[in-house]
Amino acid sequence: MSGAAAPAPVPDPLDRTLTALADPARRRVVDLLGERPRRAGELAAALSMSPSVMSRHLKVLRDSDLVEESSPAFDARVRIYSLRAGATAELRSWLEAIERGWAEQLTALKAHVERGV
């Protein structure tokens, strides 16, 4: 028996997305960024939270690949946050598969109930 611990499993992209979106504040950040790109300070003010708390939320969103940051050419110190294009493709695909499964089950249930009448 070895004393070395097994490496922690790397969460898949869908798990990272769902974990990031589980927090209401991060969902609100995504809503705001859906309107337009914003600076972290704007997001913090809109959610009435401190810059350090907003920074932690933005890190989770960046790590989940939902949000990306950039700097304008005129000032590299400024960070602009925006939604990453295609970031929710895997989530949408998973939800569509779940929805298809539900529809199939409901259709089968309806057929079963109608046969029993």
A87 and D65 have their tightest heavy-atom pair at CB-O, 3.2 Å

Minimal heavy-atom distance between S64 and A20, with the atoms involved, is OG-CB, 3.5 Å

I'd like to check the side-chain contact (heavy atoms from CB on, under 4.5 Å) partners of [X]; sequence neighbours left out, ordered by chain and number.
| X | answer |
| --- | --- |
| S82 | P37, E68 |
| L95 | L91 |
| T107 | none |
| D75 | R77, V78 |

State, with a plain yes or no, whether a side-chain heavy atom of [X] is found less than 4.5 Å away from one of [Y].
| X | Y | result |
| --- | --- | --- |
| I80 | P72 | yes |
| L33 | R38 | yes |
| Y81 | E69 | yes |
| D12 | R16 | no |
| L32 | L43 | yes |

Would you mind listing every salt bridge (charged side-chain N to carboxylate O under 4.0 Å, His left out) that reaches into residues 104-113, with sequence neighbours excluded? K110-E114

Is there any salt bridge (charged side-chain N to carboxylate O under 4.0 Å, His left out) pair reaching into residues 44-59, and which pairs are they, with sequence neighbours excluded? K59-D63

Test log, rule side-chain contact (heavy atoms from CB on, under 4.5 Å), inputs L47 and M54: CA-CA 9 Å; L47 274 70; M54 178 53 64; 4.2 Å; yes

Do the side chains of V113 and L106 join up, straight or via other hydrophobic residues, at under 4.5 Å, putting them in one cluster? no

In the single-linkage hydrophobic clustering (I, L, V, M, F, W, Y; side-chain heavy atoms under 4.5 Å), do I98 and L109 co-cluster? no

Which residue pairs pass the side chain to side chain donor-acceptor pair (under 3.5 Å) test when at least one of the two sits in residues 39-49, sequence neighbours left out? R36-E42

Scan residues 23-34 for pairs that pass side chain to side chain donor-acceptor pair (under 3.5 Å), counting only residues two or more places apart or in two chains. R26-H57

ILVMFWY clustering at 4.5 Å (side-chain atoms), partners of V60: none

With sequence neighbours left out, write down each residue that passes salt bridge (Lys or Arg N to Asp or Glu O under 4.0 Å) with E99, or none if nothing qualifies. none

Within the side chain of T19, is there an N or O that forms a donor-acceptor pair under 3.5 Å with the backbone of D15? yes

Where the side chain of T17 meets the backbone of P13, is there a donor-acceptor pair that is under 3.5 Å apart? yes

Could you work out, with side-chain hydrogen bond (donor to acceptor under 3.5 Å, both in side chains) as the rule, every residue matching S71, not counting sequence neighbours? R79

For T88, give me all partners under side-chain hydrogen bond (donor to acceptor under 3.5 Å, both in side chains), at least two apart in sequence or on another chain. R92

Given the rule in the side-chain contact (heavy atoms from CB on, under 4.5 Å) test, do L21 and L66 qualify, once you have shown the distances and angles that lead to the verdict? CA-CA 9 Å; L21 295 175; L66 288 169; 3.9 Å; yes

